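All values reported here derive from a predicted model rather than from experimental measurement. As the structure lists them, so they are numbered: ligands from 1, and atoms in each ligand from 1.
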Amino acid sequence: MHGAIRRSSSFNTDRIDGIYQDPQTSDRSLFLHHTDLVDGVGLVNLLRDVQPDEVYHLAAQSHVRVSFEMPHYTGLTTGLGTAQLLEAIRAADVPCRFYQASSSEMFGATPPPQNEHTPFHPRSPYGAAKVYAYWLAVNYREAYGMFAVNGILFNHESPRRGETFVTRKITRAVARIAAGVQDRLYLGNLDAVRDWGYAPEYVEGMWRMLQQDQPDDYVLATGVPMTVRAFAAAAFERVGLEMEKYLAHDARYERPAEVDALIGDAGKALGTFGWAAQVHGVDLVHLMVEADIKALDDQLSGRTIRIDR
Ligand code: F7E
C-alpha cells in the first residue's frame, strides 16, 4: 500500500502510528511519499512509479468553517486538485480505479432524506468545490471510460477524527473537563442535525465501491439523525457531568451559511453490495469519549511516547 502525505516541518503521521513502518523494515507493506495536489508533475511521476490498481482521493481542505476564510485555497485543493489528480492518472497512463471522496455537504440546503438522486445545493466554498470534483469524476467516467466512483459520504467519525471537527472537539473536551484540565467547551450552532457514522465501516464501503463490476456513485450514511446538542449531552452524560455547567456559546464557530440537516439514505449501497452502518448515535459518542479518556490518561501518566520519524 502506498500513501501520499504533505511535507510538514513537524511530525504529521501520528494518526497512522498504528500502521506506520520505518523505512528500514524488511517486509514493508506501507510506503509513504511526499506529494501535493498542486504538484501536477510530481503526481504523474509518483503514479508512474507506483502503478496503483486503485487510487483513493481523500485529500482536501476539508474544514467547512475554514473554507469561508480560505475560499480560493479550498477551491484550488478540494476542487481543482481533483482535476490535477485525474489528469495525472491520464498522463501517467495508469489503468487504475479511482475513488472520489464526495461529501454530503454537496446537498447543503436540500432537505433530508438525501440519496444519489437528491439535487445539490452547497452552502459553503467547501461544498461548492466538492460539487465541482463530483462532476469531474462523472465526466472522466463518461469521457474517457475511467473507472471513477463517487462515494457520497455523510459525516464519519472515530477517535482519529481531527480535533477541530465538532464530534472530536466535544469528546476530547469532555475527557479533559472530567479530568480537571479544561474548564469550558465553546461551541457554535447546537441545532444542526447530522448523520454521524463510524469511519472504519465507511472505509470498507469505499473499498467495496471499487470492487464492483461497473463504476457508479453511492451514498454511505446511517440514516440516524442527531443534533450537535444531543451529541454533546450524550458525551457529558457518559462521564456523569451536567452539560449546562460547562457548555458555552461562541459565535466564532458559527458559519455564514449553515447546513441545517443531513440525514442520508444508503439504500443503494445496501442493495448493491450489502453495506449498512452498524455504529451510530449514543454508541458512537461513548466509543469516542472512552477513547479520549484513555488517550488523556496515557498522556497525563506519561505513558504516551511520541514516535519520532
Ligand atoms: O460540523 C456545528 C457546525 O465541522 C458539524 C467534514 O468532514 O463532514 C464534516 O463537515 C456541525 C456543523 O463537520 C461547532 O456548524 C457547532 O453544523 O464537525 P463539523 P461538517 O461541517 O458537517 C462532511 C461530511 C465533510 O465532508 C467535511 O469535510 O457542527 N458546530 N459548534 C460546530 N462545528 C465545529 N467544527 N466546531 C464547533 O465548535
Looking at Leu153, which atoms of ligand 1 are within less than 4.0 Å of one of its heavy atoms? 24 (C)
Among Val259, Thr78, Asn155, closest by any non-hydrogen atom to atom 20 (P) of ligand 1: Asn155
Do any nitrogen or oxygen atoms of Ser104 lie less than 3.5 angstrom from nitrogen or oxygen atoms of ligand 1? no
Counting non-hydrogen protein atoms only, what is the nearest one to atom 5 (C) of ligand 1? Give residue, atom name and distance. Val166 CG1, 3.7 Å
Which residue holds the protein heavy atom closest to atom 15 (O) of ligand 1, what is that atom called, and what is the gap in Å? Glu258 OE2, 2.6 Å
Using atom types as modelled and distance alone, determine if a side-chain donor or acceptor of Gln21 lies under 3.5 Å from a backbone N or O of Leu30. yes
Going by distance only, is there an N or O of Trp196 that falls short of 3.5 Å from an N or O of ligand 1? no
So, taking the atom named OG1 in Thr167 and the one named CZ in Arg161, what distance separates them when rounded to the nearest 0.5 Å? 5.5 Å
Do the ring centers of Phe147 and Phe98 come within less than 6.0 Å of each other? no
Give the residue and atom name of whichever protein heavy atom lies nearest to atom 35 (N) of ligand 1, and the separation in Å to one decimal. Thr164 O, 3.0 Å
Any idea how Tyr134 and Phe120 line up, ring-wise: parallel (<30°), tilted (30 to 60°), or perpendicular (>60°)? perpendicular
Does NZ or CZ of Arg252 come closer than 6.0 Å to the centre of the six-membered ring of Tyr186, within 45° of the ring's axis? no
For Val64, take its heavy atoms, then give the atoms of ligand 1 lying under 4.0 Å from any of them. 10 (O), 21 (O)
One finds that the ligand 1 atoms under 4.0 Å from a non-hydrogen atom of Ser62 are 6 (C), 27 (C), 28 (O)
Considering only protein heavy atoms, which is closest to atom 7 (O) of ligand 1, and at what distance to one decimal place? Arg161 NH2, 2.9 Å
Pick, from Ala192, Ala199, Ser103, the option with the minimum heavy-atom distance to atom 25 (C) of ligand 1. Ser103
Check this for me - ligand 1, Phe165, N or O atoms closer than 3.5 angstrom, yes or no? no
Tell me whether His63 contacts the main-chain N or O of Thr164 through its side chain, where contact means a donor paired with an acceptor under 3.5 Å. yes
Please list the nearest protein heavy atom to atom 38 (O) of ligand 1 with its residue and the distance rounded to 0.1 Å. Lys169 NZ, 2.7 Å
Kindly check if the number of other-residue, nucleotide or ligand heavy atoms within 6.0 Å of CD (Gln211) is above 12? yes
Measuring from atom NE2 of His280 to atom CZ of Phe154, what distance do you get when rounded to the nearest 0.5 angstrom? 14.5 Å
Tyr253, any N or O under 3.5 Å of ligand 1 N or O: no
Could you tell me if Tyr140 and Glu87 have a donor-acceptor pair between their side chains, going purely by distance under 3.5 Å? yes
To atom 4 (O) of ligand 1, the nearest of Arg255, Glu163, Met106, Arg65 on a heavy-atom basis is Arg255
Of all the non-hydrogen atoms in the protein, which one sits nearest to atom 31 (N) of ligand 1, and at what distance? Gly188 N, 2.8 Å
Tell me which one of Leu153, Val219, Ile152 satisfies side-chain contact (heavy atoms from CB on, under 4.5 Å) with Ser102. Ile152
Glu69 atom CD: more than 12 heavy-atom contacts under 6.0 Å: yes
Shortest protein heavy-atom distance from atom 16 (C) of ligand 1, along with the residue and atom involved: Asn189 O, 3.2 Å
Can you tell me how the ring of His156 sits relative to the ring of Tyr202, calling it parallel under 30°, perpendicular over 60° and tilted otherwise? parallel
Could you list which atoms of ligand 1 come closer than 4.0 Å to a heavy atom of His63? 35 (N)
Between ligand 1 and Thr167, is the shortest N or O to N or O distance under 3.5 Å? no
